[in-house]
There are 4 protein chains.
Amino acid sequence: MVYNEKQLAIMEAAEALFAEQGFNGTSVRDIAEKAAVNLAMISYYFGSKEKLLEAIFEYRGEMIKVKLEGIIQHPGATALEKVNLLVDHYIDKIFLQQAFHRVLAREQVLHNNPDISALILKMKKTNQELIAKLIHEGQKKGEFKKNVDIPMMMTTMMGTANFLVTSKHYYKELSNLQSLSEDEFEKHIRKKLNQHLKNIFKNILTNE
Amino acid sequence: MVYNEKQLAIMEAAEALFAEQGFNGTSVRDIAEKAAVNLAMISYYFGSKEKLLEAIFEYRGEMIKVKLEGIIQHPGATALEKVNLLVDHYIDKIFLQQAFHRVLAREQVLHNNPDISALILKMKKTNQELIAKLIHEGQKKGEFKKNVDIPMMMTTMMGTANFLVTSKHYYKELSNLQSLSEDEFEKHIRKKLNQHLKNIFKNILTNE
Amino acid sequence: MVYNEKQLAIMEAAEALFAEQGFNGTSVRDIAEKAAVNLAMISYYFGSKEKLLEAIFEYRGEMIKVKLEGIIQHPGATALEKVNLLVDHYIDKIFLQQAFHRVLAREQVLHNNPDISALILKMKKTNQELIAKLIHEGQKKGEFKKNVDIPMMMTTMMGTANFLVTSKHYYKELSNLQSLSEDEFEKHIRKKLNQHLKNIFKNILTNE
Amino acid sequence: MVYNEKQLAIMEAAEALFAEQGFNGTSVRDIAEKAAVNLAMISYYFGSKEKLLEAIFEYRGEMIKVKLEGIIQHPGATALEKVNLLVDHYIDKIFLQQAFHRVLAREQVLHNNPDISALILKMKKTNQELIAKLIHEGQKKGEFKKNVDIPMMMTTMMGTANFLVTSKHYYKELSNLQSLSEDEFEKHIRKKLNQHLKNIFKNILTNE
DNA sequence: AATGAATGAGAATTCATTCAT
DNA sequence: TATGAATGAATTCTCATTCAT
């Protein structure tokens, strides 16, 4: 699926608004206004508000897949280094596409739309398969322990990162970091999160 | 604040529906029907749909506070044992009040309503202060390491647990556990999560 | 089903507008304006525009049934006299409720709404059964011929009357009666139609 | 007016859809799709949806006129035979062009569009003049009675035939002919209608 | 001659809330 | 205290038509 400029503008505007106000809290009017397109264009291009959401999921899902596929094939790296690379990339991704991950965080709680649920499941499966490959590679080489609960590990990575991104506003106050600028603060928590997750993973994967 | 039976019925119905369909996806008609009260009662008792949500947060926040205060004062237990108790209780709580935690997970992403945001912040602060007390106690006794990133630890506990609860539907499929009944599956993931978090915390708090 | 004043006002307004402009050609806005009620009342009372149409059919169908039941039980009249009475009444009805019969004429051509189709069929069945009763009575007494095609007879009565009512505008010009006032013209065609149908029926029922 | 292939395709598609769903119930999108032409072609060729309807009326009106003119000049036939021929032809026409007659039946009830009304009136006048010619011929020859209500006679022919065609769906059920195939049923009612109308006309025109 | 893209107007419906009782 | 009736505002979506190409 290739999208033209207007379609991309609509998708971006919608993503940002869905992240801020939720799907139901966002009207197609808002989206049209933000994307600076005619109201009717949204139905014209996507059919409905729901279909627009699906298009966003499909689009981002495809992007994520392409990105992750690159990571796994990194040459000349140990399994643990690759896991660390994965953490780096996952954190990069989640911070770069905060809007989309907010939408994802919100929508995965609901199961109103089976098409969206299917897309989310597909995305998660792709992620999981990639990580599983990495872990198994490390286990074969003897780098990692045998019994590793991969789904729970993923849950920790995604859960922690998601929670941090979606509630960073609260985190800032709880850590008394109100003095930092938004950029400084973001840099700070990215670094913290990175170390934190790598620590946890190293422990889970290698400590006896 | 003391609520009468009808008010509690409304709050429970609303909580369940907000968890399922989101705040904006739920109409006061739905709530009135589910709670078997007159449509106008909701405005009458709570003023508005938003105020109803606030009441739910306030109510649940108070319940959580009371519960957690009990935990910290558990006599004759090491700091690590108390931390483990805390994990037990947090997991109990999140599974028992899944509806509320779904609402919380959804609403913390948005910052539309400053009153709600303030309530969430207050709740988080209370939690954090409790854990901080525990950790400092352990540090004083020499049980725990000096440099512990408490907010990040909390983020992992809440993020992982939240993520698991809100996306358990996907977890079931990703782990090929479709054959388990809902109850069996829930028991299974509670146990896994419990071990998983305790492991992580032990490592964070004690390993050098 | 008992309707309150506002509901009746809506139904009357809708009937008139549907007759003039067709169902799809009439907006709920038009109806609300004509009935002098709030726009949302229509959804509130009837659920939707379609359901409103159904309500009209049901209401009129019931009225027709009640009326016709009276005719058949007219005491001390020959079968032919009763048939003539029926013609009188049918013509009265069709002229008095021209709006409804226009709607009926339009909607019976379409089969979009199965509920409406079912209501129309029911109405027609009731009519047919009544006439069949009359004819059979006359046949038993030896007043009428044996082989009478009752559905075709009804088709002629209804078709002719309907066609006249719905296209009286054209009839006026074709008969060069433009000089007559609307009332005079209507009186004129009612009389003509009455004689015409009675003639045809007498011939069908009695001539060998 | 000569139409090219695409124009004819549009008109045919439109006629069929107008017959099924009514004028307002049919969108130009539907027509374009059914006719397999570009959406904008309809405005391009006909100017508007209304003008397209007018074109259909004009086109069919012309066809009817040409056909009927042939009938009247049938050589070596009595006036009654010619009337019978006319009935044959009218029934043929109405069954062959059911779609158009459904549109006609629906639209003659409305008077929204004066151009359409004018076209219908013209069509009816042409028909009427033809029949009047026939009847007067028969009256001159002494075959027919003097006082014949020609407009009412036409009303019966058209009303009965129209009503049968537009409500044949109901007629089938009312006559308990559900077991017949669509073709058999149509053959059956055409025959019935033919005899029925000829009977009525014979009686009107010749009986004293 | 033909069309894909675009749009303003208007459609039906749902919503949270109010108010007289 | 409780509620049925009512409503204004806002919702999503579809429509016939236009226009640059």
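Below, chain A is the first sequence line, B the second, and so on; all start at residue 1.
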Report yes or no: does C/S167 contribute a side-chain atom to a donor-acceptor pair with the main-chain N or O of C/Y170 at less than 3.5 Å? no
For the rings on A/F100 and A/F57, is their centre-to-centre separation under 6.0 Å? yes
Distance under 6.0 Å and angle within 45° of the ring axis: does D/K49 meet both against D/F23? yes
Which of these nucleotides, F/dT17, E/dA12, E/dA16, is closest to any side-chain atom of B/K49? E/dA16
Rounded to whole Å, NZ of C/K51 lies from P of E/dA12 at a distance of 16 Å
Starting at atom CD of A/Q7, determine the distance to atom C1' of E/dA6, rounded to an integer number of angstrom. 13 Å
E/dA6 pairs with, by Watson-Crick or G-U criteria that keep both distances under 3.5 Å: F/dT17
Rounding to an integer number of Å, can you tell me how far A/L17 CG sits from F/dT11 P? 13 Å
For the pair made of CD in C/E5 and C1' in F/dA5, what is the distance, rounded to whole Å? 15 Å
Residues within residues 20-42 of chain A bordering DNA chain E, heavy-atom distance below 4.0 Å: A/N38, A/A40, A/M41
If we ignore hydrogens and angles and just use 3.5 Å, is the side chain of D/T26 paired with the main-chain N or O of D/L17 as donor and acceptor? yes
If you compare every side-chain N and O of A/Y45 against the phosphate oxygens of E/dA6 (OP1, OP2), does one of them come in below 4.0 Å? yes
Residue whose closest nucleotide on DNA chain E lies nearer the 5' end, C/S48 versus A/N4: A/N4
With the threshold set at 4.0 Å, does a side-chain nitrogen-carboxylate oxygen contact exist between C/R60 and C/E15? yes
So, does D/Y44 get its side chain near the phosphate of E/dA1, meaning an N or O under 4.0 Å from OP1 or OP2? yes
Does the pair A/Y44 and A/N38 meet the rule for a side chain to side chain donor-acceptor pair (under 3.5 Å), with working shown? CA-CA 10 Å; A/Y44 178 70; A/N38 180 282; over 6 Å; no
Counting only side-chain nitrogens and oxygens, does A/K6 get under 4.0 Å of the OP1 or OP2 atom of E/dA6? yes
